[in-house]
Novice: 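Could you have a look at this structure, given as structure tokens, before my questions?
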Protein chains: 2
Amino acid sequence: MQITREADYAIRCVLHLSRCKEGSATVGDIAEAQSIPRTFAAKILQKLSKAKIVKSVRGIKGGFRLARDPARISILDVIEAIQGPLNVNICVLDRQSCERQPTCMVHPIWVEIQILLKERLAYYTFDKFNDKKGSL
Amino acid sequence: MQITREADYAIRCVLHLSRCKEGSATVGDIAEAQSIPRTFAAKILQKLSKAKIVKSVRGIKGGFRLARDPARISILDVIEAIQGPLNVNICVLDRQSCERQPTCMVHPIWVEIQILLKERLAYYTFDKFNDKKGSL
DNA sequence: CCTTTTAGGAGTAATTTTATCCTATTTTAA
DNA sequence: TTAAAATAGGATAAAATTACTCCTAAAAGG
């Protein structure tokens, strides 16, 4: 019931990019600023790049920047880019594992809780993390 | 972000006990009815017993029964008996891991989501799982 | 063409998950 | 009193996942 450290790191990467003045940063910058092992941060940024959350620029003046407006990137987007589709119990995504019992009484609860969780995680977009004290 | 199979099994064990006519059942009965590996079910029931969710009776006419009314046992109780205190991100329980940054912008969100999740899981008690179609 | 940077594949160590096995100990009934 | 049936608890092990590292390639700028 816990997000992975990798997902947590990914959120910090996106947060860093959404807040840095220059609009872009290198793996080294991000890793150091956010206390993420450098090579691990590189892998994470690759995943974010494949998920179209981040854009990469190669070469000597390269680095990473957000692929779209922070208001259009949610915590859920980032988590799912790293971990794959969120599901709170094996039976929610893999329906098979629940069907040997004709009616599993608990199944609807997992579905409900998953929806609740995803809605909330999708609500928090990266424009909501500003310096303004008390905004959260 | 997923409950473990062990916790899922545990919920099924409690569900079984809350619904069986005799009010008690052996590990063998529960394991077979709920498709849980027998020795694993035994371990799970031991944990539930230590958490005072279930009571054990040794000896030839022994088995397990609920330690209290199903209305006073929630899904959250069972999950926490198996997995320990629920926390959605490492920083929520272990505050240290977040404090190197003076103000982590994301932390309050994890706290909020954790409360939301726990409230919902605590809402669902085992008296709510009856045969009545449409009750859920 | 040299340096800085990302891309991608492979590999690895540590931890957690998902169990199993074996030896008590308790209880009941013959 | 003894055998059978049940839980208790410790140790162990296989598999999967997590949390990384390493190495070589490719791109871009000066």
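Residue numbers start from 1 in every chain, and the chains themselves are labelled A, B, ... in the order their sequence lines are given, proteins ahead of strands. Given the structure is predicted, the values throughout are model-derived calculations rather than measurements.
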Novice: Within the pair B:Tyr9 and C:dA19, is there a side-chain N or O less than 4.0 Å away from OP1 or OP2?
Specialist: yes
Novice: Quick one: do A:Glu22 and A:Arg65 make a salt bridge, cutoff under 4.0 Å?
Specialist: no
Novice: In whole Å, I'd like the distance from the CD atom of B:Glu6 to the P atom of C:dT20.
Specialist: 12 Å
Novice: For B:Gln34 and C:dT18, what is the distance between atoms CD and P respectively, to the nearest whole Å?
Specialist: 17 Å
Novice: With clusters defined by side-chain heavy atoms of hydrophobic residues (ILVMFWY) lying less than 4.5 Å apart, directly or transitively, does A:Leu121 cluster with A:Leu116?
Specialist: no
Novice: Whole-Å distance between C:dT6 P and A:Ile44 CD1?
Specialist: 14 Å
Novice: Where is the tightest heavy-atom contact between B:Cys13 and B:Leu45, given as atom of each residue plus distance?
Specialist: CB-CD2, 4.2 Å
Novice: Is any NZ, NE, NH1 or NH2 atom of the basic residue among B:Lys43 and B:Glu6 found under 4.0 Å from an Asp or Glu carboxylate oxygen of the other?
Specialist: no
Novice: Pull out every residue in residues 73-85 of chain A that has a heavy atom closer than 4.0 Å to any atom of DNA chain D, ordered by number, or say none.
Specialist: none
Novice: Please determine if A:Glu112 and B:Arg120 form a salt bridge, counting it only when a charged side-chain N lies under 4.0 Å from a carboxylate O.
Specialist: yes
Novice: Centre of B:Tyr123's six-membered ring, under 6.0 Å away, within 45 degrees of the axis: is that where NZ or CZ of B:Lys128 sits?
Specialist: yes
Novice: Take atom CZ of A:Arg5 and atom P of D:dC20, then tell me their distance rounded to the nearest Å.
Specialist: 6 Å
Novice: Please report the distance, rounded to the nearest Å, between CZ in B:Phe40 and P in D:dA13.
Specialist: 18 Å
Novice: Is A:Glu32 salt-bridged to A:Arg38, going by a charged N under 4.0 Å from an acidic O?
Specialist: no
Novice: Just how far, in rounded Å, is C1' of D:dT17 from CE of B:Met1?
Specialist: 17 Å
Novice: Any N/O pairs under 3.5 Å between the protein and nucleotides 6-12 of chain D? List them or say none.
Specialist:
residue : atom : partner : partner atom : Å
D:dA6   : O4'  : B:Gly59 : O            : 3.4
D:dT7   : OP1  : B:Val27 : N            : 2.9
D:dT7   : O3'  : B:Ser56 : OG           : 3.3
D:dA8   : OP1  : B:Ser56 : OG           : 2.6
D:dA8   : O4'  : B:Arg58 : NH2          : 2.4
D:dG9   : N7   : B:Lys43 : NZ           : 3.0
D:dG9   : N7   : B:Gln46 : NE2          : 3.0
D:dG10  : N7   : B:Lys43 : NZ           : 3.1
D:dG10  : O6   : B:Lys43 : NZ           : 2.4

Novice: Between B:Asp77 and B:Arg68, does at least one N-O distance fall below 4.0 Å, as a salt bridge requires?
Specialist: yes
Novice: Who pairs with A:Phe126 by ring-ring contact (aromatic ring centres under 6.0 Å, His included), at least two apart in sequence or on another chain?
Specialist: A:Phe129
Novice: Taking CG from B:Asp29 and C1' from D:dA5, how many angstroms apart are they, rounded to a whole number?
Specialist: 12 Å
Novice: Could you give the CD1-to-C1' distance, from B:Ile90 to D:dA19, as a whole number of Å?
Specialist: 12 Å
